Asks: 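Sharing a structure with you now.
We count ligands from 1, going down the list as the structure has it; atoms in each ligand are counted the same way. Quantities reported herein were computed from a predicted structural model and do not represent experimental measurements.
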Amino acid sequence: MEIHSTVKGLRESLKKYKLKNQTIGFVPTMGYLHEGHFNLMEESKKRNDITVVSIFVNPLQFNDIKDFEKYPKNEEGDIESLTKLGIDILFLPSSEEIYGQVGEAKIEMKIPALMKNLCAPSRIGHFEGVIHIVSKLFNYVQPDKVYFGLKDYQQFLIIKELIHNLSFPIEIIGVETVREKSGLAMSSRNSRLTKEESEDATLVYRSMKMAEKNSGKKNITIPTLKEIIKEILLSSNMIKIDYIEILDPDTLENKEFVSGKILIAIAVFLGNVRLIDNIRFEV
Ligand code: AMP
């Protein structure tokens, strides 16, 4: 596996593949890799000639400096896993490499229609930071296909719209959430949970599945489904609810009735670790 820490080195290396018209799949990550990330990479490997992975913990997308400082890192382990997986190129830049030349004059882009609810109001500046770094990475790598996890569903819709709005010649593929046997969605942040907290964190998925199970009942309402979820989550005294939302998965608008396509999305705090998860289904 080639490892590049500079944009120049990465671009030079990619030239040889582009000259041969080879297709490039790209998986951006923040490292501390797990099965969820590997699944995206496997998808990319299946459908592209080469796969590029980036590891960059983007300071711009952290609204909470403590969360940024405590973000888990495992550079050596990640490189070993990526090598075993047969990834062609790893882009591993420093913050200086990415933001050094820009200073304070940063472009800020928003997609207001998709940034009204869910994580946007709880994490001010987060998606602006995501849009900024993803645009830069797309510019560096110029991939044919990019792979994003549906665990971060709002992020997936925002990047899809970014590609559409700015006409990036890129296809985006959303990959389903990989879970522990317990149902807990895999996340790098899970490593910061205590054993007791990880046990209670499984209530997030269980509560959404319970709401799904009840969604077929006659005359069931959105507030009732939210109550079902809330009750299950609050059976743990360690869980603090950030939001429970039931929305249209295409537009992120509120659902009036329990019918058609449904997105249930939850954010909770366990201690100072914030976890998100969602499911989508049709009634
Ligand atoms: P992160 O390193 O958390 O920024 O995630 C990098 C990519 O992996 C994003 O597209 C995430 O949505 C995706 N991802 C993270 N966790 C999972 C998971 N459990 N299942 C599927 N994709 C995931």
Asks: Check Met30 against ligand 1 and report side chain, backbone, both or neither, counting heavy atoms closer than 4.0 Å.
Replies: both

Asks: Ring centroids only, cut at 6.0 angstrom: are Phe138 and Phe168 within range, meaning strictly under it?
Replies: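 Centroid separation for Phe138 and Phe168: below 6.0 Å.
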
Asks: Residue-level breakdown please: for His37 versus ligand 1, do any non-hydrogen atoms fall below 4.0 Å on the side chain, on the backbone, on both, or on neither?
Replies: side chain

Asks: Counting neighbours of CE on Met186 that are heavy atoms of other residues, nucleotides or ligands and sit closer than 6.0 Å, is the number greater than 12?
Replies: yes

Asks: Tell me the contacting part of Leu40 for ligand 1: side chain, backbone, both, or neither, using a 4.0 Å heavy-atom threshold, strictly below.
Replies: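 It is the side chain that gets close, since no backbone atom is under 4.0 Å.
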
Asks: Taking the ring centre of each residue, are Phe56 and Phe91 less than 6.0 Å apart?
Replies: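 Aromatic pair excluded; centres sit 6.0 Å or further apart.
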
Asks: What do we get for Ser187 next to ligand 1 when only non-hydrogen atoms under 4.0 Å count, side chain, backbone, both or neither?
Replies: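 No part of Ser187 comes within reach of ligand 1.
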
Asks: Got a salt bridge between Glu2 and Lys16, using NZ or NE/NH1/NH2 to carboxylate O under 4.0 Å?
Replies: yes

Asks: Which word best sums up how the rings of His132 and Tyr99 line up, parallel for under 30°, tilted for 30 to 60°, or perpendicular for over 60°?
Replies: tilted

Asks: Numbering the atoms of ligand 1 from 1, which are under 4.0 Å from a heavy atom of Asp152?
Replies: 11 (C), 12 (O)

Asks: Where on Glu35 is there a heavy atom closer than 4.0 Å to ligand 1, on the side chain, on the backbone, on both, or on neither?
Replies: neither

Asks: Mark the output for Glu176 as yes if a heavy-atom distance to ligand 1 is under 4.0 Å, and as no if none is.
Replies: yes

Asks: Partners of Asp242 by salt bridge (Lys or Arg N to Asp or Glu O under 4.0 Å), sequence neighbours excluded?
Replies: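 If we apply the salt bridge (Lys or Arg N to Asp or Glu O under 4.0 Å) test to Asp242, skipping adjacent residues, the hits are Arg274.
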
Asks: Check for me whether Thr177 has a heavy atom closer than 4.0 Å to any atom of ligand 1.
Replies: yes

